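Notes follow once the structure below has been shown.
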Amino acid sequence: QISEMSLQWTVISWFVYAEAALVLIMCLPVISVQRWRRILRSRLLRKFDSSAYVYFNVFFGLLILLLIDAYRKMRQHALEELSIDERVNPHGFALSRMRKFRSQINFTLSAGALLLWLVLKWMVSSLIGRAFLEQDLSIERAKVNDLQRKLDEAQRKLSSTLAAGVVNGSVSDDGSDKKAD
């Protein structure tokens with residue numbers, strides 16, 4: 001009963017470490033947006049894509065429940081600490097303070113996990129949005145380049161036609177066609 005670091009809090013602490021590592025990896029400028037898009041749209045992750053919203057909300061609810069449980073335990077141990085007289089039972093008082101401290105750590109862990117979960121969701125959606133925006137931008141760039149090529153081609157044809165007309169003398173100063181005698 002002394003150890004408050006139960007299996008659930010050990011799992012949550014490792015989850016926080018994994019989230020923090022993933023956030024740091026996602027912040028690295030070495031990995032391009034297109035590569036993140038390929039990773040996030042991989043075959044394995046596409047299988048979870050249809051139900052990702054459900055998974056996110058279920059895990060979000062679980063983290064909120066853990067946060068509420070940690071807050072409840074923190075309050076419980078704070079009240080327990082107040083009920084024990086340090087002079088009468090110093091060992092019990094120290095034990096109560098240790099439990100309160102561990103419950104505060106658990107509260108911090110669950111709050112950190114919840115915060116990092118939201119940050120990860122935002123980062124993933126932001127990366128996916130940016131990747132699609134860059135993809136759309138490259139498509140539009142290709143269309144603009146194609147239109148520019150067609151415009152240059154039409155301009156060359158027009159200038160060659162006008163140059164041929166001026167050489168033959170078939171175009172007058174006012175732009176109307178007149179036959180040269």
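These numbers come from the heavy atoms of this one structure, side chains and all, not from hydrogens, waters or symmetry mates. Note that the structure is predicted; figures quoted are calculated from it, not measured.
Expressed to the nearest 0.5 Å, how far CG of N106 lies from OG of S13 amounts to 9.0 Å. Taking CE from M74 and NZ from K100, the interatomic distance works out to 9.0 Å, rounded to the nearest 0.5 Å. Between the OG atom of S32 and the CD atom of E134 there is a distance of 8.5 Å, given to the nearest 0.5 Å. Rounded to the nearest 0.5 Å, atoms CG (D152) and CG (L147) are 11.0 Å apart. Atoms NZ and OG, from K121 and S126 in turn, are 11.0 Å apart once rounded to the nearest 0.5 Å. Between the CG atom in L115 and the CG atom in L63 there is a gap of 11.0 Å [rounded to 0.5 Å].
Across A113 and F15, no two heavy atoms sit closer than the pair CB-CD2, 4.2 Å. Listed here is the closest heavy atom pair of L116 and V16: CD1-O, 3.8 Å. Across all non-hydrogen atoms, the minimal contact from H77 to S96 is O-OG, 3.8 Å. Considering all non-hydrogen atoms of both residues, L120 and M26 come closest at CD2-SD, 3.8 Å. Residue G112 comes nearest to E19 through the heavy atom pair O-OE1, 4.3 Å, listed as atom of the first residue, atom of the second, then distance.
At most 12 heavy atoms of other shown residues, nucleotides or ligands fall within 6.0 angstrom of atom OH in Y71. Counting heavy-atom neighbours within 6.0 Å of R72 CZ, excluding the residue itself, gives a total above 12.
Residues L65 and V58 do not share a hydrophobic cluster, clusters being chains of Ile/Leu/Val/Met/Phe/Trp/Tyr side chains in contact below 4.5 Å. Under the 4.5 Å side-chain heavy-atom criterion for ILVMFWY residues, no single connected hydrophobic cluster contains both Y17 and I105. Hydrophobic clustering (side-chain heavy atoms under 4.5 Å, transitive across Ile, Leu, Val, Met, Phe, Trp, Tyr) keeps V124 apart from L133.
Counting heavy atoms from C-beta on, the side chains of V11 and L7 come closer than 4.5 Å. For the pair F101 and Q104, the minimum side-chain heavy-atom distance is below 4.5 Å. At least one side-chain heavy atom of K143 sits less than 4.5 Å from a side-chain heavy atom of E140.
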Exercise for the section: Could you check V23 against M123 for side-chain contact (heavy atoms from CB on, under 4.5 Å), going step by step and ending with a plain yes or no? Expected result: CA-CA 8 Å; V23 165; M123 287 180 81; 4.0 Å; yes

Practice task
Go through I25 and I31 one step at a time and tell me if the side-chain contact (heavy atoms from CB on, under 4.5 Å) criterion holds.
Solution key: CA-CA 9 Å; I25 288 170; I31 303 172; 4.2 Å; yes

Exercise for the section: Any chance you could lay out the side-chain contact (heavy atoms from CB on, under 4.5 Å) test for D69 and W9, step after step, and finish with the verdict? Expected result: CA-CA 11 Å; D69 181 51; W9 296 111; 4.1 Å; yes

Exercise for the section: Check step by step if side-chain contact (heavy atoms from CB on, under 4.5 Å) holds for L118 and F56. Expected result: CA-CA 9 Å; L118 292 172; F56 171 79; 4.0 Å; yes

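The ring pair (Phe, Tyr, Trp, His ring centres under 6.0 Å) test applied to W122 returns no partner, not counting sequence neighbours.
For residues 153-162, the set of pairs meeting the salt bridge (charged side-chain N to carboxylate O under 4.0 Å, His left out) definition, not counting sequence neighbours, comprises R149-E153.
Ring centers of F59 and W117: under 6.0 Å apart, within the cut-off.
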